[in-house]
Amino acid sequence: MTLTTDTTPEAIVQAQLDAYNARDVEAILKTYAVDAQQFEFPGKLLASGHAELRPRMAARFTEPNLHSRLIRREVIGQLVIDHEDVTRTFPEGTGHMEMIAMYEVRDGLIQNAAFILNPPVLD
């Protein structure tokens, strides 16, 4: 997977989404700052830094049907807000869920990400 040379917030978040859909752990980590944090909105910490992001992503990327479809994207300065429909294998079975992902991008890297998750809809 090739990362973009465009360091705009929108390009960085798109590179992150492309790496997610390619299930490429190293490529996705290249879009995050070494000390970046992920949260379930509003403040539940999911992962802090590459040391926690790597195993979190590696586990997610084992799902055979994993795919995120971008529904809509808004960019406001350094903040990128994506509305996505994510296909996954949940503990209860396969399905999808809509989510909002909010990314704060500074210096060409995602510093913080927060996710608002709808309940899964099973197949």
Side-chain angles (χ1 to χ4, degrees):
M1 159 147 264
T2 305
L3 276 182
T4 179
T5 56
D6 184 347
T7 60
T8 62
E10 184 172 12
I12 296 302
V13 171
Q14 184 60 50
Q16 180 272 157
L17 181 61
D18 292 343
Y20 183 91
N21 283 334
R23 298 183 190 108
D24 187 333
V25 173
E26 295 310 313
I28 205 166
L29 289 176
K30 288 179 183 176
T31 67
Y32 278 86
V34 173
D35 59 350
Q37 295 184 310
Q38 288 185 336
F39 297 90
E40 183 176 330
F41 187 81
K44 178 183 173 187
L45 183 64
L46 300 172
S48 184
H50 281 196
E52 293 181 10
L53 286 167
R54 180 176 275 105
R56 177 177 163 73
M57 293 293 99
R60 178 70 43 85
F61 293 167
T62 65
E63 296 178 21
N65 63 340
L66 183 70
H67 184 81
S68 182
R69 180 178 62 86
L70 182 65
I71 296 171
R72 181 181 172 100
R73 175 173 287 155
E74 296 294 332
V75 181
I76 303 168
Q78 300 302 303
L79 187 65
V80 179
I81 303 165
D82 281 357
H83 178 191
E84 302 173 15
D85 186 59
V86 182
T87 301
R88 293 198 45 205
T89 302
F90 301 98
E92 310 84 57
T94 60
H96 67 97
M97 69 175 179
E98 285 191 46
M99 65 177 281
I100 299 293
M102 298 171 283
Y103 301 95
E104 179 189 2
V105 180
R106 288 190 318 260
D107 301 321
L109 294 169
I110 297 168
Q111 305 293 322
N112 293 297
F115 309 104
I116 301 172
L117 310 171
N118 269 342
V121 175
L122 299 179
D123 293 337

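Taking the side chain to side chain donor-acceptor pair (under 3.5 Å) definition, one finds that E84 meets it with S68, sequence neighbours left out. Under the salt bridge (charged side-chain N to carboxylate O under 4.0 Å, His left out) criterion, R60 pairs with E63, sequence neighbours left out. Residues that satisfy the side chain to side chain donor-acceptor pair (under 3.5 Å) test with Q37, not counting sequence neighbours, are S48. In this structure R54 satisfies the side chain to side chain donor-acceptor pair (under 3.5 Å) test together with E26, sequence neighbours excluded. Listed by chain and residue number, Y20 satisfy the ring-ring contact (aromatic ring centres under 6.0 Å, His included) test with F61 (two or more places apart in sequence, or in another chain). For N65, the side chain to side chain donor-acceptor pair (under 3.5 Å) partners are T89, not counting sequence neighbours. A search for salt bridge (charged side-chain N to carboxylate O under 4.0 Å, His left out) contacts involving E104 returns R106, not counting sequence neighbours. E98 is linked by a side chain to side chain contact (heavy atoms under 4.5 Å, CB included) to I71, H83, D85, N118, counting only residues two or more places apart in sequence or in another chain.
Annotation: ring pair (Phe, Tyr, Trp, His ring centres under 6.0 Å) contacts involving residues 94-123, sequence neighbours excluded, are absent. Residue pairs satisfying the salt bridge (Lys or Arg N to Asp or Glu O under 4.0 Å) criterion with at least one member in residues 111-123, sequence neighbours excluded, are absent.
Cluster partners of L17 are L70, counting Ile, Leu, Val, Met, Phe, Trp and Tyr whose side-chain heavy atoms approach within less than 4.5 Å, directly or via other members. Membership of the apolar cluster around F39 extends to L45, as traced through chained side-chain contacts below 4.5 Å between ILVMFWY residues.
Taking 4.5 Å as the limit, some side-chain heavy atom of L46 sits within range of a side-chain heavy atom of R56.
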